[in-house]
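Only one structure is covered here, and it is reproduced in the block below.
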Number of protein chains: 2
Amino acid sequence: MKISELSRTTGVPVASIKYFRRQGLLPAGKATAATLAEYGQEHVQRLRLIKALTTLGGLSIAAAREVLTAVDQAHSTESALGAVSYALPVPVAESPVGDADREAETGSAAEAEVEALIAAMDWQMPGTSPHVQGLTAALRELKRLDADYRPGELVAYAELARSAARLDLDRAATFDDDPVSLAEQAVIVFALSAPVLELLRRLAQEDQVRRRIAGGKPEPDTE
Amino acid sequence: MKISELSRTTGVPVASIKYFRRQGLLPAGKATAATLAEYGQEHVQRLRLIKALTTLGGLSIAAAREVLTAVDQAHSTESALGAVSYALPVPVAESPVGDADREAETGSAAEAEVEALIAAMDWQMPGTSPHVQGLTAALRELKRLDADYRPGELVAYAELARSAARLDLDRAATFDDDPVSLAEQAVIVFALSAPVLELLRRLAQEDQVRRRIAGGKPEPDTE
DNA sequence: AGCTACTGGATACCTTCAGTATCCAGTTAC
DNA sequence: GTAACTGGATACTGAAGGTATCCAGTAGCT
């Protein structure tokens, strides 16, 4: 199909398609002539994936490109998952300011905590993993706000995270029947589960708050 | 302290402090004269919170304002949590395009799924909750990518979410000794746990991937 | 009283991001 | 032959998140 048709079927403006192509998110169509290219079903799929990654996953164009590149170079589900995991943006920025003394002491404390956690969970981590870095930074930030986790709390959360990860991986394993878009599915599981999980947590929080407000009093009937 | 001192202690440029004040994130200092205001420790704290919310929590200025407004108007931990929960941005945007037929069928399917999930979890939800809307939209999007959850999977995730929410609420309850910044702590728990949890999940995923590549045995040992 | 440093407030400006729109010259299907 | 369409380049837009500048009014020191 021509680019205009691709635009029509996906609902993405032609200009945007060109933009994504320019940004390396979307492969160019098969050129049938100097000024004409043929697009296929894979482009439709890719466009959908891009849309999902950016809107649902909240990825920037640059992050999406990295993820998609990882997808294209992956030769197995695992390698795709690994690459994607590293390509996904970590939601923590280092805060370069603040008093240096406090920084130093809380900084090393956060590091030690993360190290202890990884040991407690029996995780084998390179230490250079961006996730380790990110977690350390996040804990540092929380410490600075005097809202850090008490000993054990973090482990409890980590146990939940482990369960979630098992579900994720199991889920990824069920996609084995379609090897073509296998890596894509892996991406989806990794990148797009996060918002779903977060939403679920919010829902659960909302329910918990409601219940605890009600307190010992009898359950308020639904209207 | 004067605004310049506030700037020095927090590391936030004066212009930015003014900006936050203008945006309603930071209360004005107590005016000691027409062109002079006194800032206190609460401003330092607030500035830290703003920074954490925007960098760690990834909130926009507008979202942060909403959250902070909720904090200021809260009279109990629960009301703060409730307000904050709704003020936090939901990471899903409706995709208004696509073929209408498929849209209709998957759309209602997603709705039914969410409804069933809420029933299965015994959650009492208004249905108008933005989280319900968001989850529905997210599932719709995943369906469109042919990566939707199989029956039961979602429930498993929801159970994890429930556990996490319990931990969250328990955590929030331990802050009762400092009623001044109580609402702030609640915000932190709700808004800033998300990145930590997500990071933990990534860590766990990374570990899982490593184990499954190495062992070929998808069954990790229990400790 | 005079001088300088600092202030709140208003406004203008800058950079990045994610698209959109325009222009162009080369096909191509009719 | 011509109207429709193309890839490619470039320009533009609008929002977001700050920064920087300008201003006249003090405060505090001398």
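For the numbers below, each heavy atom of this structure counts, side chains included, while hydrogens, waters and symmetry mates do not. In this text, all values refer to a predicted model and were calculated from it rather than measured experimentally. Throughout, protein chains are lettered first and strands after them, A, B, ... in sequence-line order, and every chain is numbered starting at 1.
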For A:Gln23, I'd like to know if atom CD has over 12 heavy atoms of other residues, nucleotides or ligands within 6.0 Å.
yes
In whole angstroms, the gap separating C1' of D:dT6 from NZ of A:Lys30 amounts to 17 Å
Expressed as a whole number of angstroms, how long is the span from A:Ile61:CD1 to D:dA16:C1'?
16 Å
Counting neighbours of CD on B:Glu42 that are heavy atoms of other residues, nucleotides or ligands and sit closer than 6.0 Å, is the number greater than 12?
yes
Rounded interatomic separation in angstrom, taking CG from A:Leu59 and P from C:dG19:
12 Å
Pick out the pairs of N or O atoms, protein on one side and nucleotides 5-11 of chain C on the other, that lie under 3.5 Å.
unit_1 : atom_1 : unit_2  : atom_2 : d
C:dT7  : OP1    : B:Ile3  : N      : 3.0
C:dT7  : OP1    : B:Ser4  : N      : 3.0
C:dT7  : OP1    : B:Ser4  : OG     : 3.2
C:dT7  : O4'    : B:Thr35 : O      : 3.1
C:dG8  : OP1    : B:Tyr39 : OH     : 3.0
C:dG8  : N7     : B:Lys18 : NZ     : 3.1
C:dG9  : O6     : B:Lys18 : NZ     : 3.3

Is a donor from one side chain sitting under 3.5 angstrom from an acceptor on the other, for A:Glu206 and B:Tyr86?
yes
Between A:Asp168 and B:Arg201 (salt bridge meaning N to carboxylate O under 4.0 Å), is one present in this structure?
yes
Would you kindly give the CZ-to-P distance between B:Arg65 and D:dA16, to the nearest whole Å?
10 Å
Tell me what B:Ser60 touches on the nucleic acid: a base, only sugar-phosphate, or nothing, going by heavy atoms under 4.0 Å.
sugar-phosphate
When B:Thr32 and B:Thr54 are each assigned the nearest nucleotide of DNA chain D, the 5'-most assignment goes to B:Thr54
Between D:dA11 (P) and A:Tyr19 (OH): distance, integer Å:
17 Å
Hey, are A:Asp72 and A:Arg65 close enough for a salt bridge, meaning a charged N less than 4.0 Å from a carboxylate O?
no
From CG of A:Leu47 over to C1' of C:dG19, roughly how many Å is that when rounded to an integer?
14 Å
Using a strict cut-off of less than 4.0 Å between a Lys/Arg side-chain nitrogen and an Asp/Glu carboxylate oxygen, indicate whether B:Glu198 and B:Arg202 qualify as a salt bridge.
yes
What's the verdict on side-chain contact (heavy atoms from CB on, under 4.5 Å) for B:Leu160 and A:Leu200, showing C-alpha distance, side-chain angles and the deciding distance?
CA-CA 9 Å; B:Leu160 291 179; A:Leu200 286 174; over 6 Å; no
Whole-Å distance separating the CD1 atom of B:Ile17 from the P atom of D:dA20
14 Å
B:Val114 and B:Leu154: side-chain contact (heavy atoms from CB on, under 4.5 Å), yes or no, with the steps?
CA-CA 9 Å; B:Val114 172; B:Leu154 208 47; 5.9 Å; no
Any salt bridge linking B:Glu141 with A:Lys51? Criterion: basic side-chain nitrogen under 4.0 Å from a carboxylate oxygen.
no
Can you give me the N/O atom pairs linking the protein to nucleotides 13-15 of chain C at distances under 3.5 Å, or say none if there are none?
none

